[in-house]
Amino acid sequence: MRQVSVDIGGTFTDCFLIYDDAYVEAKSLTTHHNLASGFMDALAKACAQIGKDVRTVLSTVQAVRYATTLGTNALIERTGPAVAVLTTAGFESTVPLMRARGYGDGLPEAQQADLPAADRPKPLVPVTRIAGVQERIDYAGRVLLPVDEDDVRRQVRRLVDEGAQAFVVALANSVVNPVHEKEVERIILDEYPTHMLGAIPIVLSHRVTGRKGEYTRTMSAVIDAYLHDQMYHGLASLEIELRRNGYTKPMLLVHNSGGMAQLNSTSSLQTIHSGPVAGLSAAGYLSQTYERPNIIATDMGGTSFDIGLVTSDGVKFYDFNPVIDRWLVSTPMTYLHTIGAGGGSIARYDRLWDAIEVGPESAGSDPGPACYGRGGRRPTTTDANLVLGYLDPDNYAGGSIKLSLRRAQRAIEEQICEPTGMSLIEAALAIKRKVDTNMAAAIFKEVAVKGYNPRNFIALSYGGGGPLHACGYAGEIGIPHVLIPPFSSVFSALGAGNMSQLHIHEHSLYLMLYDATARKVLDDYQVFNDTVAALAAKGREDLLRQGVAPADIRSRVEVDMRYGNQLTQIGVVCPFDRLTSERDVIELLDLFSRIYAQRYGEGSQAPEAGVRINVIRVVSYVERDKVEMRPARTEPRPAPSPTRWRECYYPGHDNAVKTAVYDLADLDEGHVVEGPAVVETPRTTYLAEPGWRLTVGRTGSAVLEQAL
């Protein structure tokens with residue numbers, strides 16, 4: 001196997017290279033002005049480790065897989081084109097009203113509690129670039145009022161005069177019957193043909209998402225159109241750079257749905273948060289190979305801390321209505337919870353609450369933490385870890401970044417010590433405790449709210465900062481075991497290399513599986529089966545367009561089910577792809593009931609309200625070779641003598657504790673390191689706090705467990 005996988009984060013760009021029998025990891029600072037620079041720099045470092053140049057590697061690899069933050073940056077910087085919206089007459093206020101509650105979307109919980117004081121986000125589409133057109137389709141897809149072609153032409157010309165550079169067509173009930181959206185597209189193309197210089201990109205909402213909900217569907221299409229231009233040019237420039245260095249195959253982009261696809265089969269909306277989703281995908285594969293059925297995947301990078309779940313019941317967790325920046329959208333997105341708790345998260349003293357706060361603001365890669373010596377003056381989590389003795393200033397990021405202890409000390413003294421009266425060590429410990437507590441609280445909430453006991457899970461800790469804080473947040477919750485996976489510092493990039501080519505298509509509908517009033521189960525299967533067939537055909541077409549062999553295409557059917565009109569709905573993987581008998585319906589109802597009971601407790605089921613399907617989803621995919629991640633099977637044995645000792649400080653200890661320091665290269669499978677201890681690798685640091693022990697596994701993996 002030969003492939004390159006790259007994950008671009010807010011602070012570091014991670015590269016994972018597989019070249020025959022060589023598995024290589026590398027990191028480089030993210031270059032936000034031109035992501036291709038950081039991409040190529042990380043790749044060059046990886047190639048150097050196997051003694052080959054970039055051109056030789058790129059000309060012989062089977063695939064380059066890429067998870068990007070390009071779209072996220074465009075939203076943050078508001079650098080997208082002037083988007084215009086064409087909607088059904090009478091629905092022009094759908095976007096400006098934001099469902100009334102939209103003011104709180106994307107805000108911290110404390111600000112959401114005071115919506116009257118919340119700031120309205122600057123709109124991506126101003127009211128002057130929203131136009132209603134004469135047409136109407138009802139909830140069942142019946143045409144009530146045909147498209148008025150002359151009216152559409154007038155509105156399109158007016159919007160162009162307003163400066164429109166991209167069109168979104170979002171008509172009422174178009175997910176049921178898209179005929180009018182396609183007609184409007186035809187009219188726009190007639191006015192501004194694609195082969196002319198005045199051509200304007202057009203996004204149809206039903207192609208972006210198949211769910212009902214006018215506001216979320218419209219905003220999904222708006223964000224897709226808003227990101228399209230920058231994504232197209234940014235990724236095209238990267239593809240040109242790859243071509244220049246000998247890569248001739250299509251580049252594969254990671255999707256936030258849990259799969260990947262070629263550039264020509266990827267919408268810009270699908271790339272948002274794709275890096276963390278790649279890590280969760282790798283966690284799912286590791287769960288199988290390590291025989292660890294319940295895993296809390298935790299990814300601590302330089303900017304954020306991402307939480308995801310892998311469970312023994314096989315439940316697929318999707319965010320039905322994720323918030324991207326400040327806007328609610330409806331697109332199939334693997335569920336992840338993200339908080340601002342990374343190595344670059346900025347610490348500050350909150351005078352109102354007389355408390356130390358950390359994040360969500362991050363120093364990123366430029367200027368970075370104060371200890372980087374790149375102009376940062378505010379203290380961060382990394383600065384606190386350096387002051388506490390956990391980091392080696394001469395061996396950070398493989399020695400590519402020399403850390404300044406004095407700059408870290410000065411930043412903490414000026415921003416934390418002076419206003420609080422704390423000593424330097426007290427302030428650094430307060431920062432660590434706050435970060436660990438924030439992560440622990442977020443983990444506990446995410447797991448418990450889904451109906452699981454966090455103590456029945458093992459924590460999977462990866463990302464550049466994860467193994468350094470794993471004991472802290474696991475100990476807060478009471479999780480006694482933490483697994484550090486192979487290549488933990490670039491685990492999300494590894495996950496990108498493990499993902500399948502995959503497309504998700506879904507369709508909203510109202511289908512009663514069990515009618516409580518009539519006390520009967522569904523006996524007409526045509527709507528279900530026809531919908532599955534249509535969605536499977538779309539997925540098959542997507543994969544065939546990318547050159548996949550028809551025999552390699554697989555699919556699975558998922559349904560979102562709920563009791564009656566409950567707001568809570570659960571994604572269920574259907575054990576069959578068609579309904580053929582009453583027995584199939586009963587089996588699906590029983591499966592839903594069992595999953596619901598596992599999530600919310602036995603007896604919480606409410607069949608008396610009826611059971612219905614709201615969404616049918618078909619996942620079409622083709623499996624690819626996986627990166628092998630085998631667990632260690634050797635007997636534990638004492639570790640060799642540490643290479644050196646350091647004075648480190650830990651919560652709950654008044655004085656410095658003499659701490660053993662090991663190089664991971666000196667440790668073999670089965671070696672047990674008793675805490676307190678620091679294990680250093682070229683790209684991350686493992687910390688076994690007092691009361692914990694670390695057992696080394698294969699290829700840099702390890703298990704942290706509380707000593708009895």
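Just so you know, these numbers use all the heavy atoms, side chains as well, and skip hydrogens, waters and symmetry mates. Everything numeric in this text was worked out from a predicted model, so none of it was measured.
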Polar side chain donor-acceptor pair, [X] to [Y], under 3.5 angstrom:
| X | Y | result |
| --- | --- | --- |
| E361 | S345 | no |
| D306 | H273 | no |
| Y290 | Y285 | no |
| N294 | T311 | no |
| Y390 | T685 | no |
| D383 | T380 | yes |
| Y349 | D354 | yes |
| D299 | S492 | yes |

**Study point:** Salt bridge flag under 4.0 Å for residues R644 and D663
**Key:**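 So R644 pairs with D663 through a salt bridge.
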Check your understanding: Going by an N to O cut-off under 4.0 Å, is there a salt bridge joining E25 and R683?
Key -> yes
To the nearest 0.5 Å, how far apart are [atom1] in [X] and [atom2] in [Y]?
| X | Y | atom1 | atom2 | answer |
| --- | --- | --- | --- | --- |
| Q706 | I479 | CD | CD1 | 10.0 Å |
| S461 | I296 | OG | CD1 | 11.5 Å |
| S500 | L252 | OG | CG | 11.5 Å |
| R348 | I356 | CZ | CD1 | 10.0 Å |
| R2 | Y19 | CZ | OH | 3.5 Å |

Donor-acceptor contact present, side-chain [X] to main-chain [Y], <3.5 Å:
| X | Y | result |
| --- | --- | --- |
| T338 | S304 | no |
| N453 | R455 | yes |
| E705 | R693 | no |
| E241 | L238 | no |
| T420 | I416 | yes |
| D53 | T56 | yes |
| R637 | E669 | yes |
| R646 | G389 | yes |
| S488 | G463 | no |
| T437 | V435 | no |

Counting only heavy atoms not in [X], do more than 12 sit closer than 6.0 Å to its [atom1] atom?
| X | atom1 | result |
| --- | --- | --- |
| D394 | CG | yes |
| K445 | NZ | no |
| R292 | CZ | no |
| K45 | NZ | yes |

Review point. Are R406 and E413 close enough, and set up right, to give a salt bridge (charged side-chain N to carboxylate O under 4.0 Å, His left out), and what steps lead you there?
Key: CA-CA 10 Å; R406 181 63 201 130; E413 288 169 346; 3.7 Å; yes
For a 4.5 angstrom cut-off between non-hydrogen side-chain atoms, does [X] reach [Y]?
| X | Y | answer |
| --- | --- | --- |
| Y66 | D7 | no |
| V482 | I458 | no |
| Y649 | V657 | no |
| I295 | L309 | no |

Check your understanding: Taking Y473 as the fixed residue, which of T298, D436, N438 is the one that meets the side-chain hydrogen bond (donor to acceptor under 3.5 Å, both in side chains) rule?
Key -> T298
Exercise for review: Going by the side-chain hydrogen bond (donor to acceptor under 3.5 Å, both in side chains) test, name the single residue among D41, D14, T13 that passes it with S28.
Suggested key: D41
Practice item. Please work out which of the three classes, parallel, tilted or perpendicular, describes the rings of F16 and Y23, given edges at 30° and 60°. Key: perpendicular
**Study point:** Full working for salt bridge (charged side-chain N to carboxylate O under 4.0 Å, His left out) between K434 and E357
**Key:** CA-CA 7 Å; K434 182 60 178 176; E357 297 293 341; 3.7 Å; yes
Point to revise | Working for salt bridge (charged side-chain N to carboxylate O under 4.0 Å, His left out), residues K432 and E689 | key: CA-CA 13 Å; K432 172 179 166 50; E689 294 189 15; 3.0 Å; yes
